[in-house]
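In what follows, chains carry the letters A, B, and so on, assigned in the order in which the sequence lines appear, proteins first and then strands, with residues in each chain numbered from 1.
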Number of protein chains: 2
Amino acid sequence: MRMLPTGSVDCVFADPPYNLQLRGELRRPDDSVVDGVDEAWDRFTDFAEYDAFTRAWLGECRRLLKKDGTLWVIGAYHNIFRIGAILQDLGFWILNDVIWRKSNPMPNFRGRRFTNAHETLIWAARGQESRYRFNYQAMKTLNDDIQMRSDWFIPLCTGPERMRNEHGLKLHPTQKPEALLHRVLLASTNQDDVVLDPFAGTGTTLAVAKRLRRRFIGIERHPAYAEAAIGRVRRTRPVSAEAAVAEPTKREAQRIPFGSLVEQGLIAPGTRLYDRHRRVSAMVGPDGSVSTADTRGSIHKVGALVQNAPSCNGWTFWHFERDGGLVPLDELRTQVNGRGVNGAGSLPA
Amino acid sequence: MRMLPTGSVDCVFADPPYNLQLRGELRRPDDSVVDGVDEAWDRFTDFAEYDAFTRAWLGECRRLLKKDGTLWVIGAYHNIFRIGAILQDLGFWILNDVIWRKSNPMPNFRGRRFTNAHETLIWAARGQESRYRFNYQAMKTLNDDIQMRSDWFIPLCTGPERMRNEHGLKLHPTQKPEALLHRVLLASTNQDDVVLDPFAGTGTTLAVAKRLRRRFIGIERHPAYAEAAIGRVRRTRPVSAEAAVAEPTKREAQRIPFGSLVEQGLIAPGTRLYDRHRRVSAMVGPDGSVSTADTRGSIHKVGALVQNAPSCNGWTFWHFERDGGLVPLDELRTQVNGRGVNGAGSLPA
DNA sequence: CTGGAGGGTGAATCTTATC
DNA sequence: TGATAAGATTCACCCTCCA
């Protein structure tokens, strides 16, 4: 990681070692047992070691991230609280904690606790002022037109997706499902963004990144994992460039001034506009202004004024009459968008 | 708390301030203002102050707990990571983190993050060697004879349960639902156990404890909250132990977004979809959107648009090719259902 | 009495481009 | 860097009112 240039990464996904405190034994990321962990070591020392390790790799990630980049970490209750606190201490700005609810978790055999049926992901921006990427519309579409929530229901990685060695045994103990990474990368990256996975394991992040046409960097010190990851990535085929593009956010869509609709005759000067309840009305001017008895301005400004509100989206506030009913102006804009007027058509098919 | 005797409490439930750090006012799309938490008790100057506060009250709780006692804390991403780390540093032994999934959370109005639809509870024993209480069978019964998982689906506290002042306004900004406390106390305490709530608020913990015939101690420094809690507890009547366990359960409805099939690789981005007669076609995007030459959106939205219909069931309208024939998408959903991909094994509402 | 329309609201770290 | 304007943005549930 130290060899990579500062500010070169758009998004980090990290699945660091969880194996903290398994009956007193602390393991390093390379699976070696930390020397001297015995009864003489108090808990604080165990945690201190893990904390130092966490601070080191998270700090490096922060250095590598672009100003507007984001980072994802996944963990369980053994380690996620320490990671979250250190994230905050390093200046990361938490955007969400996301719960991966497992459809098929391992039951609690002893009946001494609740079935541990989830893991926690933290999604954080590099800093409080980061203007991070969030593909809101893509997430909403993915969830049948309802805002995506912070709890995700996804099956464990099983079946043919699970990487196995020549003996048919699972190659990696905690291989993550591709569906999880699909959602992570689709939410927080664009095509050609650079994705870094500092604990690449068997390469789930890299394979999904390649499939979705993101660029990717994976770091893995265990040779068997690294080798498996390389083969896996090589076998992965990207989807077509067209198919990799998620639904763009409205903000990124072609901007259409209301005046252009008037210019193009889609709405005539003199047309009366109403709010949804016909409580107020206004008239369209030839320049795309609207005027009431005592004010005049853009659809947004007048909409805000008549409501006595600080702001207003005129596209959805104002309606015009069609077939005896009221239709929001936004409908006209959609038509224009679809017809590729005014340079639109930059939208992917 | 300092006046209470050491080792006198069986179970602590704590709902401390979250340190939300809200900046400006937030408005809904209809321009109404969100009534956020801006109470003085939730303001801390920085993380260090919050950590010191947390360490102080958690340390006192540990002193008060019996050797085999357990502690619950509830929080959100703003504070829960710090609390979890401090718990571990103090020698508590985490048993589970439990997710309260809200059935009716507040949406994310600006579309800049995932809907914050859950809060996190940590359940911890006083120490690693504690022989803590867990009413496994009661939890299993409560959950239709399936092991209770670590994700709980429970509605917000609204309606008549919500405590209000003489003006009909909510008395406390963050009153917890009794259903949550019911499950907590039923899981981890016995009849006549002593339950302590160091941030008692309007007395939810105390009322549920009384109803379930537990003994209880509540601490609250805000006079209005304390007064309300006292009245509430006085009005609460204990039920028979039998009646307390018999909580009706209801399976969560199954809902499968089309996008989850794409995520799970059951249908690939780039796949072409057709209507039954192959009159229209569309392409699947990585977010589960479908796009035609001039429109894009969910299977339902685009299905409606191409038919010029007000609505459409995309599951039955769209087909994909298999063995030279056309198969409706709904067929895929049935497969997924059988495998239990969404909402399966879920919890009572 | 029922059903539908309409309004209110919940622990929220909630915009961006341009001048 | 700060002011200004454009314009994007909500789900589930409960309650009241009125036909």
Quick check: does any side chain N or O of [X] sit under 3.5 Å from a backbone N or O of [Y], one acting as donor and the other as acceptor?
{"X": "A/S150", "Y": "B/A117", "value": "yes"}
{"X": "A/N143", "Y": "A/D145", "value": "no"}
{"X": "B/H118", "Y": "B/N116", "value": "no"}
{"X": "B/D42", "Y": "B/N19", "value": "yes"}
{"X": "A/T70", "Y": "A/Y132", "value": "no"}

Please classify the glycosidic conformation of C/dT15 as syn (within 90° of 0) or anti (everything else).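 What C/dT15 shows is an anti base, its glycosidic angle lying more than 90° from 0.
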
Is it the case that A/Q147 and B/T115 place a side-chain donor and acceptor less than 3.5 Å from each other?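 A/Q147 vs B/T115: donor-acceptor pair found between side chains.
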
Measuring only the [atom1] atom in each nucleotide, how far is [N] from [M]? A whole number of Å is fine.
{"N": "C/dG10", "M": "C/dC14", "atom1": "C1'", "result": "15 Å"}
{"N": "C/dA12", "M": "D/dA8", "atom1": "P", "result": "26 Å"}
{"N": "D/dT9", "M": "C/dA17", "atom1": "P", "result": "14 Å"}
{"N": "D/dT10", "M": "C/dT16", "atom1": "P", "result": "15 Å"}
{"N": "C/dA11", "M": "D/dC15", "atom1": "P", "result": "16 Å"}

Could you tell me the separation between the NE2 atom of A/H300 and the CZ atom of A/F317, rounded to the nearest 0.5 Å?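 Here the interatomic distance stands at 12.5 Å.
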
Nearest whole Å is fine: how far is [N] [atom2] from [X] [atom1]?
{"X": "A/D330", "N": "D/dT9", "atom1": "CG", "atom2": "C1'", "value": "12 Å"}
{"X": "A/N135", "N": "D/dA8", "atom1": "CG", "atom2": "P", "value": "17 Å"}
{"X": "A/D68", "N": "C/dT15", "atom1": "CG", "atom2": "P", "value": "15 Å"}
{"X": "B/D31", "N": "D/dT9", "atom1": "CG", "atom2": "C1'", "value": "10 Å"}
{"X": "B/I80", "N": "C/dT13", "atom1": "CD1", "atom2": "C1'", "value": "16 Å"}
{"X": "B/R27", "N": "C/dT13", "atom1": "CZ", "atom2": "P", "value": "18 Å"}
{"X": "B/D30", "N": "D/dC11", "atom1": "CG", "atom2": "P", "value": "13 Å"}
{"X": "B/Q21", "N": "C/dC14", "atom1": "CD", "atom2": "P", "value": "10 Å"}

Pairing annotation in dot-bracket form, given for DNA chain C with Watson-Crick or G-U pairs under 3.5 Å and | for cross-strand partners: .|||||||||....|||||

Contacts of type side-chain contact (heavy atoms from CB on, under 4.5 Å), residue [X], not counting sequence neighbours:
{"X": "B/R28", "value": "B/D30, B/S32, B/V34, B/M106, B/F109"}
{"X": "A/N190", "value": "A/R133, A/N135, A/D193"}
{"X": "B/A224", "value": "B/H222"}

If you take the centroid of each ring, where Trp contributes its six-membered ring, are A/F134 and B/F114 closer together than 6.0 Å?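 For B/F114 and A/F134, the ring centres are under 6.0 Å apart.
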
List the protein contact pattern of nucleotides 1-7 of chain D with one symbol per nucleotide (5' to 3'): B for base contact, S for sugar-phosphate-only contact, - for none; contact means a heavy-atom distance under 4.0 Å. -----SB

Does OP1 or OP2 of C/dT16 have a side-chain N or O of A/Y132 closer than 4.0 Å?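 Result: no.
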
Could you give all pairs that pass the salt bridge (charged side-chain N to carboxylate O under 4.0 Å, His left out) test and reach residues 315-330 of chain A, with sequence neighbours left out? A/R278-A/E321, A/R322-A/E331, A/D330-A/R333

Using the 3.5 Å cut-off, write out each protein N or O paired with an N or O of nucleotides 17-19 of chain C and the distance between them.
residue: C/dA17; atom: OP2; partner: A/R131; partner atom: NH2; Å: 2.7

Do A/R62 and A/F92 meet the cation-pi criteria used here (NZ or CZ under 6.0 Å from the six-membered ring centre, within 45° of the axis)?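 So A/R62 does make the cation-pi contact.
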
Output a table of nitrogen or oxygen pairs between the protein and nucleotides 10-12 of chain C separated by less than 3.5 Å.
residue: C/dG10; atom: OP2; partner: B/K170; partner atom: NZ; Å: 2.6
residue: C/dG10; atom: O5'; partner: B/K170; partner atom: NZ; Å: 3.2
residue: C/dG10; atom: N7; partner: B/R28; partner atom: NH1; Å: 3.2
residue: C/dG10; atom: N7; partner: B/R28; partner atom: NH2; Å: 3.0
residue: C/dG10; atom: O6; partner: B/R28; partner atom: NH1; Å: 2.5
residue: C/dG10; atom: N2; partner: B/N104; partner atom: O; Å: 3.1
residue: C/dG10; atom: N2; partner: B/P105; partner atom: O; Å: 2.9
residue: C/dA11; atom: OP2; partner: B/R162; partner atom: NH1; Å: 2.8
residue: C/dA11; atom: OP2; partner: B/R162; partner atom: NH2; Å: 3.4
residue: C/dA11; atom: OP2; partner: B/P173; partner atom: O; Å: 3.2
residue: C/dA11; atom: N7; partner: B/Y18; partner atom: OH; Å: 3.3
residue: C/dA11; atom: N7; partner: B/K176; partner atom: NZ; Å: 3.1
residue: C/dA11; atom: N6; partner: B/D15; partner atom: OD1; Å: 3.3
residue: C/dA11; atom: N6; partner: B/P16; partner atom: O; Å: 3.0
residue: C/dA11; atom: N1; partner: B/Y18; partner atom: N; Å: 3.1
residue: C/dA12; atom: O3'; partner: B/N116; partner atom: ND2; Å: 3.3
residue: C/dA12; atom: N6; partner: B/G24; partner atom: O; Å: 3.4
residue: C/dA12; atom: N6; partner: B/L26; partner atom: N; Å: 3.4
residue: C/dA12; atom: N1; partner: B/G24; partner atom: O; Å: 3.3

Check every strand shown and say whether B/R112 touches a base, only sugar-phosphate, or nothing at a heavy-atom separation below 4.0 Å. sugar-phosphate

Without placing hydrogens or testing angles, list every side-chain donor-acceptor pair under 3.5 Å for residues 74-85 of chain B, not counting sequence neighbours.
residue: B/Y77; atom: OH; partner: B/R113; partner atom: NH1; Å: 3.1
residue: B/N79; atom: OD1; partner: B/A76; partner atom: N; Å: 2.9
residue: B/N79; atom: ND2; partner: B/Y50; partner atom: OH; Å: 3.0
residue: B/R82; atom: NE; partner: B/D51; partner atom: OD1; Å: 2.8
residue: B/R82; atom: NE; partner: B/D51; partner atom: OD2; Å: 3.4
residue: B/R82; atom: NH1; partner: A/Q88; partner atom: OE1; Å: 3.0
residue: B/R82; atom: NH1; partner: A/D89; partner atom: OD1; Å: 3.4
residue: B/R82; atom: NH2; partner: A/D89; partner atom: OD1; Å: 2.7
residue: B/R82; atom: NH2; partner: B/D51; partner atom: OD2; Å: 3.1

Run the side-chain donor-acceptor check on residues 304-315 of chain A: report pairs under 3.5 Å with partners two or more places apart or on a different chain.
residue: A/Q307; atom: NE2; partner: A/G303; partner atom: O; Å: 3.1
residue: A/N313; atom: OD1; partner: A/W315; partner atom: N; Å: 2.9

Candidate pair B/E178 and B/R232, rule salt bridge (charged side-chain N to carboxylate O under 4.0 Å, His left out), full reasoning: CA-CA 12 Å; B/E178 295 195 1; B/R232 179 180 183 185; 2.8 Å; yes

Any side-chain heavy atom of B/I219 sitting closer than 4.5 Å to one from B/L196?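 Yes, their side chains come closer than 4.5 Å.
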
Polar atoms only, N or O, under 3.5 Å: list the protein pairs with nucleotides 15-19 of chain D and their distances.
none

Is it true that B/K176 and B/D15 have a side-chain N and a carboxylate O under 4.0 angstrom from each other? yes

For nucleotides 2-5 of chain C, give me every protein contact, N/O to N/O, under 3.5 Å, one pair per line with atom names.
none

Between A/D151 and A/R149, is a salt bridge (charged side-chain N to carboxylate O under 4.0 Å, His left out) present by the stated rule, with each step listed? CA-CA 5 Å; A/D151 51 337; A/R149 297 171 38 124; 2.9 Å; yes

Quick one: sort the A/W123 and A/W72 rings into parallel, tilted or perpendicular, breaks at 30° and 60°.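 Parallel.
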
